[in-house]
Number of protein chains: 2
Amino acid sequence: MSDMDAALICKALGDANRLKIVRLLSGGEKCACKLLEAFDISQPTLSHHMKTLCECGLVCARREGKWTHYSLCGETLAEFRAFLGGFDYPTQEGGCSCH
Amino acid sequence: MSDMDAALICKALGDANRLKIVRLLSGGEKCACKLLEAFDISQPTLSHHMKTLCECGLVCARREGKWTHYSLCGETLAEFRAFLGGFDYPTQEGGCSCH
DNA sequence: TTTTCATATTGACATTTATCTATTTGTGGG
DNA sequence: CCCACAAATAGATAAATGTCAATATGAAAA
């Protein structure tokens, strides 16, 4: 996963509503109308958020008749976790021999 | 870690420059002047990014004379990873009994 | 085919954000 | 005390973002 991909995912998660959407999807696939019930936002706004989540690969959309069902993309989620796992936090000091 | 805390961290990571800063700090503590060398941005802009990273708890600042040394906060990073770990991606379908 | 319903797109607007220049703050050395 | 330097803050501005009302699309039902 590239920095740009990761930044896109972070940006997508950096909104309280979208974070809540991801949490809801974490419980299993949901259609847009069910998701909408959980929020105080308009239908176009939810649709816009879903587009953001889909475009970064975190969420997949499945069309079934009139309804669109959304679910988390486990593969992307795993890759993102691996990306974050690449950050270490060495406790030793003096890493910067500044002056 | 609350949703708001996590959203703050995500927002902080949702910028290519800040992601790069975190990667640099992942290699150990660095002072602001060393970080600045790695970018094509002005000193105030870097300072602004560091403030964002510090305010979400991902980075700690340590003052030493005229210099400020920054490092990743391992605790926050761990909490954030745990937060993301809370998202499951159940593969079973039919989670939404929509219609 | 006409209607109805679920979702997506458009266009507009207010807010937030990333960035810069200019200035200020704080620290240490002459 | 004054100067030099590292970093932070202030103020301004262009770009991105979240939101909504209005409209379009697309699919099933009547």
Side-chain angles (χ1 to χ4, degrees), chain A residues 3-25 29-56 58-71 95-99, chain B residues 3-22 24-25 29-56 58-71 94-99:
Chain A
D3 268 35
M4 216 192 71
D5 294 334
L8 269 185
I9 292 178
C10 290
K11 225 176 282 190
L13 291 176
D15 175 89
N17 281 334
R18 287 195 293 264
L19 209 48
K20 189 175 170 187
I21 291 170
V22 168
R23 185 190 304 291
L24 288 173
L25 294 183
E29 191 183 54
K30 300 264 185 310
C31 69
C33 50
K34 280 274 183 273
L35 288 173
L36 190 56
E37 291 173 6
F39 294 91
D40 282 332
I41 60 179
S42 69
Q43 177 269 320
T45 298
L46 176 67
S47 182
H48 173 250
H49 285 315
M50 297 320 294
K51 190 177 183 183
T52 300
L53 286 168
C54 286
E55 278 176 352
C56 76
L58 211 52
V59 166
C60 296
R62 183 174 64 86
R63 196 71 183 258
E64 187 180 320
K66 290 191 287 188
W67 297 277
T68 307
H69 295 253
Y70 294 100
S71 56
C96 179
S97 56
C98 195
H99 296 279
Chain B
D3 268 36
M4 218 191 69
D5 295 334
L8 269 184
I9 293 178
C10 291
K11 226 176 281 190
L13 291 176
D15 175 270
N17 280 334
R18 287 195 294 263
L19 210 47
K20 189 176 170 187
I21 291 170
V22 169
L24 288 173
L25 294 183
E29 191 184 52
K30 301 265 184 309
C31 70
C33 52
K34 280 274 182 275
L35 288 173
L36 191 56
E37 290 174 7
F39 294 91
D40 282 332
I41 60 178
S42 69
Q43 178 268 320
T45 297
L46 176 68
S47 183
H48 172 251
H49 285 315
M50 297 319 294
K51 190 177 182 184
T52 300
L53 286 168
C54 286
E55 279 177 349
C56 77
L58 211 51
V59 166
C60 296
R62 182 174 65 86
R63 196 72 184 257
E64 187 179 322
K66 289 191 287 189
W67 299 277
T68 306
H69 296 252
Y70 294 98
S71 56
C96 179
S97 57
C98 195
H99 297 279

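The structure presented is a predicted model; accordingly, all values stated were derived computationally and were not measured. We name chains A, B, ... by the order of the sequence lines, and we start the count at 1 in each one.
The one candidate from A/L53, A/D15, A/T52 that meets the side-chain contact (heavy atoms from CB on, under 4.5 Å) condition with A/I21 is A/L53. Screening A/L35, A/N17, A/V59 for a side-chain contact (heavy atoms from CB on, under 4.5 Å) with A/H49, the sole residue that qualifies is A/N17.
Put simply, OG on B/S42 and CG on B/L36 are 8.0 Å apart, with the number rounded to the nearest 0.5 Å. Taken from CG in A/L24 to CZ in A/R18, the straight-line distance is 14.5 Å, to the nearest 0.5 Å. Separating the CZ atom in A/R23 from the CG atom in B/D3 is a distance of 4.0 Å, to the nearest 0.5 Å. Interatomic distance, CD of B/E37 versus SG of B/C31, reported as 8.0 Å (0.5 Å rounding). With rounding to the nearest 0.5 Å, the separation of CG in B/L8 from CD in B/E55 is 8.5 Å. Taking NE2 of A/H69 as the reference point, atom CZ of A/R63 lies at 10.0 Å (rounded to 0.5 Å).
Within residues 6-17 of chain A, the residues approached by DNA chain D to less than 4.0 Å at the level of any non-hydrogen atom are A/K11, A/D15, A/N17, in residue-number order.
In the set C/dA8, C/dA18, D/dA7, D/dA7 carries the atom at the smallest distance from any side-chain atom of B/C33. Comparing C/dA18, D/dG18, D/dA7 against the side chain of B/Y70 picks out D/dA7 as the nearest.
Projected onto DNA chain D by closest heavy-atom contact, A/T52 and B/K51 fall at different nucleotides, the more 5' of which corresponds to B/K51.
Residue B/H49 places none of its side-chain N or O atoms closer than 4.0 Å to OP1 or OP2 of C/dT17.
As a whole-Å value, the separation of B/L53 CG from D/dA8 P is 12 Å. Summarising the geometry, the separation between CG on A/L36 and C1' on C/dC5 is reported as 14 Å, rounded to the nearest angstrom. Between B/R62 atom CZ and D/dA8 atom P the separation is 14 Å, expressed in whole Å. Atom CZ in A/R18 sits about 16 Å away from atom P in D/dA16, given to the nearest Å. What separates NZ of B/K30 from C1' of D/dA7 is a distance of 19 Å, to the nearest Å. When the P atom of C/dT7 is taken as reference, atom NZ of A/K34 falls 10 Å away, rounded to whole Å. We find that CE of B/M50 is positioned 16 Å from C1' of C/dA18, with the value rounded to whole Å.
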B/S71 vs B/L25, side-chain contact (heavy atoms from CB on, under 4.5 Å): CA-CA, chis, key distance, verdict: CA-CA 6 Å; B/S71 56; B/L25 294 183; 5.7 Å; no

In dot-bracket form, how is DNA chain D paired, counting a Watson-Crick or G-U wobble pair only if both its distances are under 3.5 Å and using | for bases paired to another strand? ||||||||||||||||||||||||||||||

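Shortest non-hydrogen contact noted between A/L46 and A/A32 is CD2-O, 3.4 Å. The minimum heavy-atom distance linking B/L19 with A/A7 is given by the pair CD2-N, 3.8 Å.
Between the side chain of A/K20 and the main chain of A/A38, a donor-acceptor pair closer than 3.5 Å is present.
Looking at heavy-atom distances under 4.0 Å, B/S47 makes contact with a base.
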Dump every N/O contact between nucleotides 20-30 of chain D and the protein below 3.5 Å, one line per pair.
{"residue": "D/dC20", "atom": "OP2", "partner": "A/S42", "partner atom": "N", "Å": "2.9"}
{"residue": "D/dC20", "atom": "OP2", "partner": "A/S42", "partner atom": "OG", "Å": "2.9"}
{"residue": "D/dC20", "atom": "OP2", "partner": "A/T45", "partner atom": "OG1", "Å": "2.6"}

